[in-house]
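Some notes on the structure that comes next.
Because the structure is predicted, anything quoted here is derived from the model rather than measured. We're numbering straight along the sequence, starting at 1.
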Amino acid sequence: MRKRAAVLCGAAVVVAASLTAAPAEAGAPRSAEPSHAVRPAWRECGTDDYPTLQCASVEAPLDHADPAGRKITLALSRVPHTAAKYQGPLLVNPGGPGGSGLTLAGFVASSLPAEVAAQYDVIGFDPRGVGASEPALDCAPDHFDPVRPDSVPATPAVERANLTRVRSFATACAEKYADLLPHIDTTSAVRDMDVIRRALGAKRINYFGYSYGTYLGAVYAKFFPERVRRLVLDSVVDPTEVWYDANLNQDHAFNDRHRAFMAWVAEHDAAYGLGTDPERIEAAWYAMRAALGKNPAGGKVGAAELEDTYVPGGYYNGYWPYLAEAFSAYVNDGDAEPLVEAYENFGAVDAAGGNGYSVYTAVECRDAAWPRDWRQWRKDNWEVYERAPFMTWNNAWYNAPCAFWPTGSLRPERIRNSKLPPALLFQATRDAATPYQGAVTVHRLLDRSRLVVESGGGNHGITLSGNSCLDRHLTAYLADGTVPRGGHGEADAVCAALPGPKPRTSKAAPSTARGSTLHGLLGFRG
């Protein structure tokens with residue numbers, strides 16, 4: 001499940017923990033936790049977008065099997081409840097693995113109806129290794145520096161160059177973080193969440209996770225079902241495919257989304273002048289890719305970087321107008337400047353992206369077994385490439401450090417659960433990052449869960465994005481636990497997808513409200 005570069009930085013600096021007490025969940029007995037449990041010391045850390053944010057930190061064991069041993073620090077954020085009715089903490093996670101959740105707390109609190117948000121302490125957190133949590137990983141800060149070798153290993157020399165690159169990343173991680181890597185995994189992060197719960201003084205938590213965050217939440221619920229009050233999973237990871245098979249299946253789904261983008265460009269020929277035949281437009285895109293492989297735009301955008309730039313369009317079709325403009329300018333006018341700008345906006349990796357990718361790799365390589373024989377990778381990815389060329393090899397090299405990872409692998413957690421209160425799942429039928437079948441699988445594995453489907457939707461992370469039908473279900477569930485009654489086949493409720501984007505009428509920069517706040521956080525192949 002591949003993570004993209006644009007991960008938001010933390011909301012603010014965190015502070016050391018103190019003995020300041022947090023309120024317990026109203027109407028429920030206090031948890032029987034140790035009397036010496038340390039509570040977060042919250043301080044103001046608001047931003048222009050989220051002025052009520054507060055920040056703090058808590059300590060957790062590096063190795064939960066050795067709770068008295070070495071400690072790490074987990075960064076937290078909070079938008080505190082303001083209503084007399086208090087429903088407890090609502091932990092939120094944007095996915096990844098490797099995504100910072102600090103700013104997500106502000107996004108969720110400001111996007112929910114005010115009367116519902118006011119009943120929760122919305123809690124963001126940076127999982128171990130991420131962002132403002134300490135220590136934070138960054139194995140090889142220059143790993144994505146342009147221009148990289150072509151992702152498609154059409155010659156032995158190109159394959160060797162890519163193998164050298166991914167081996168060097170795995171080696172750098174081993175040299176810098178040998179003591180940490182055995183403890184960067186989903187199971188450890190789940191136990192960290194329970195440390196956070198104890199620090200908050202809550203008997204139970206509410207949880208709202210996107211993308212990989214759905215797997216994180218489902219595993220927490222498996223370990224601690226009695227400590228889950230409400231559980232919302234949006235854009236659901238298939239836990240039966242963790243993680244090698246999941247990435248191969250993503251390649252097909254992203255290829256379909258790329259072709260949907262080509263069809264959208266064809267529908268708007270008046271704006272982009274690339275023709276009305278999607279197949280010819282797709283051929284022009286691959287011709288652009290070949291040309292950039294020989295002569296990178298601005299010395300930055302080669303073939304691999306072009307793929308990086310257009311992959312986010314598979315997560316969120318609101319990016320399509322910007323990507324179409326860059327495509328059109330290059331093909332019709334020979335102007336590479338918009339393409340370079342699009343790369344810098346959507347594809348380039350900054351420091352936060354380097355950290356996020358390092359955690360992504362550490363978690364996925366540790367969570368489950370990956371083939372250690374490169375011949376298996378070569379065979380599988382060439383087979384997929386024949387049917388889905390858009391992202392296959394780019395995705396393969398993104399995950400390829402796992403073939404050379406310095407730690408052993410754990411077994412994926414089984415999430416089947418009959419002990420939970422009703423959970424609420426959301427899924428778009430054409431989501432590429434977490435294909436639809438994963439939500440159907442989790443719906444089956446979590447007894448009493450309810451699945452709300454956005455029919456025909458292709459975006460990733462669909463709640464709080466403007467679809468009032470989806471948000472009504474989310475709001476009702478968080479307000480009083482109401483879930484759909486069912487009766488729609490695999491789904492318990494169906495919402496129509498929002499209309500697709502229109503060509504831009506102005507040349508303003510990409511919107512930060514939706515783009516960098518939510519999809520910057522959700523920009524994950526996982």
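Across all their heavy atoms, A428 and G458 have their closest contact at CB-N, 4.3 Å. Contact between C365 and P401 at its shortest, heavy atoms only, is SG-C, 4.3 Å. Annotation for P40 and A199: closest pair CD-O, 3.2 Å, computed over non-hydrogen atoms. Heavy-atom minimum distance, A497 versus G456: CB-C, 3.8 Å. P484 and L424 get closest at one heavy-atom pair: CD-CD1, 3.8 Å. In this structure, L498 and S465 approach most closely via the heavy-atom pair CD1-O, 4.2 Å.
Between F144 and Y357, a ring centre-to-centre spacing shorter than 6.0 Å is recorded. Checked against the 6.0 Å centroid criterion, the rings of F254 and F390 do not qualify as a close aromatic pair. Between Y120 and H81, a ring centre-to-centre spacing not shorter than 6.0 Å is recorded. Here the two rings, on Y360 and W243, have centers that are 6.0 Å apart or farther. Ring centers of H460 and Y316: at least 6.0 Å apart, outside the cut-off.
Within a 6.0 Å radius of NZ in K71, more than 12 heavy atoms belonging to other residues, nucleotides or ligands are found. Atom CZ of R372 is surrounded by more than 12 heavy atoms from other residues, nucleotides or ligands within 6.0 Å.
Looking at T186 and Y212, their side chains do bring a donor and an acceptor atom within 3.5 Å of each other. Checked by atom type, the side-chain pair D447/N417 shows no donor-acceptor distance below 3.5 Å. Between the side chains of H443 and S449, a donor-acceptor pair is found at a separation under 3.5 Å. Looking only at atom types and distance, the side chain of D126 has a donor-acceptor partner in the side chain of S100 under 3.5 Å away. Using a 3.5 Å distance cut-off with no hydrogens or angles, the side chains of Q437 and D238 do not pair a donor with an acceptor. Looking only at atom types and distance, the side chain of D49 has no donor-acceptor partner in the side chain of T47 under 3.5 Å away. Side-chain contact of E241 with N249: a donor-acceptor pair under 3.5 Å is present, judged by distance alone. Residues E413 and T187 bring a donor and an acceptor atom of their side chains to less than 3.5 Å of each other.
Side-chain contact check for L474 versus T463: some heavy-atom pair is nearer than 4.5 Å. Residues D121 and Y86 have side chains in contact (heavy-atom distance under 4.5 Å, counting atoms from C-beta outward). Between T475 and P113 the shortest side-chain heavy-atom distance falls below 4.5 Å. Counting heavy atoms from C-beta on, the side chains of D192 and F125 never come closer than 4.5 Å. A 4.5 Å side-chain heavy-atom check between L425 and V452 finds every atom pair outside the cut-off. Side-chain contact between R197 and P89 is absent, with no heavy-atom pair separated by less than 4.5 Å. Side-chain contact check for L53 versus R78: every heavy-atom pair is 4.5 Å or farther apart. No side-chain heavy atom of I123 sits under 4.5 Å from any side-chain heavy atom of L90.
Interatomic distance, D431 CG to Y436 OH, rounded to the nearest 0.5 Å: 12.0 Å. Put simply, OG1 on T214 and CG on D234 are 8.5 Å apart, with the number rounded to the nearest 0.5 Å. In this structure, D138 CG and N355 CG are separated by 6.5 Å, a value rounded to the nearest 0.5 Å. Between the CG atom in L231 and the CG atom in L446 there is a gap of 7.0 Å [rounded to 0.5 Å]. Distance check: L478 CG to R230 CZ gives 7.0 Å after rounding to the nearest 0.5 Å. Once rounded to the nearest 0.5 Å, the distance linking SG of C495 with CG of L470 reads 4.0 Å.
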Report the C-alpha separation of Y210 and L104 in whole Å, then their side-chain angles, then the decisive distance to 0.1 Å, and conclude whether the side-chain contact (heavy atoms from CB on, under 4.5 Å) test is met.
CA-CA 11 Å; Y210 292 97; L104 184 62; 4.2 Å; yes

Report task. Apply side-chain contact (heavy atoms from CB on, under 4.5 Å) to V442 and Y215, showing your working. Result -> CA-CA 9 Å; V442 172; Y215 183 62; over 6 Å; no

Pair Q427-L451, side-chain contact (heavy atoms from CB on, under 4.5 Å): steps then yes or no
CA-CA 8 Å; Q427 185 67 40; L451 174 60; 4.2 Å; yes

| request: Run the numbers on F346 and Y319 for ring pair (Phe, Tyr, Trp, His ring centres under 6.0 Å), then give the verdict. | output: CA-CA 9 Å; F346 303 124; Y319 295 150; 4.7 Å; yes

Review point. Can you list the steps and then say if F208 with L91 is a side-chain contact (heavy atoms from CB on, under 4.5 Å)?
Key: CA-CA 6 Å; F208 183 3; L91 272 64; over 6 Å; no

Assess whether side chain to side chain donor-acceptor pair (under 3.5 Å) is satisfied between Q87 and N206, documenting all intermediate values. CA-CA 8 Å; Q87 300 205 51; N206 308 280; over 6 Å; no

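Side-chain atoms of Q250 come within 3.5 Å of backbone N or O of A433 as a donor-acceptor pair. W42 contributes no side-chain N or O that, together with a main-chain N or O of P80, makes up a donor-acceptor pair within less than 3.5 Å. In this structure, the side chain of R448 engages the main chain of L420 through a donor-acceptor pair within 3.5 Å. Between the R366 side chain and the G408 main chain, a donor and an acceptor come within less than 3.5 Å of each other. At least one donor-acceptor pair closer than 3.5 Å links the side chain of N459 to the backbone N or O of N317. Between the side chain of R257 and the main chain of G314, a donor-acceptor pair closer than 3.5 Å is present. Remark: the backbone N or O of V108 is not paired with any side-chain donor or acceptor of S111 at under 3.5 angstrom. Between the Y207 side chain and the G213 main chain, a donor and an acceptor come within less than 3.5 Å of each other. For the pair R128 (side chain) and V359 (backbone), a donor-acceptor distance under 3.5 Å is absent. In this structure a side-chain-to-backbone donor-acceptor pair under 3.5 Å is missing from N395 to D251.
Between R191 and D194, none of the side-chain N atoms (NZ, or NE/NH1/NH2) sits under 4.0 Å from a carboxylate O, so this pair counts as no salt bridge. Salt-bridge annotation for R430 and D256: absent, with no side-chain N of the basic residue lying under 4.0 Å from a carboxylate O of the acidic one. Using a cutoff of 4.0 Å between basic side-chain nitrogens and carboxylate oxygens, R70 and D179 are scored as salt-bridged.
Between W377 and the options F404, W393, Y244, a ring pair (Phe, Tyr, Trp, His ring centres under 6.0 Å) holds for only Y244.
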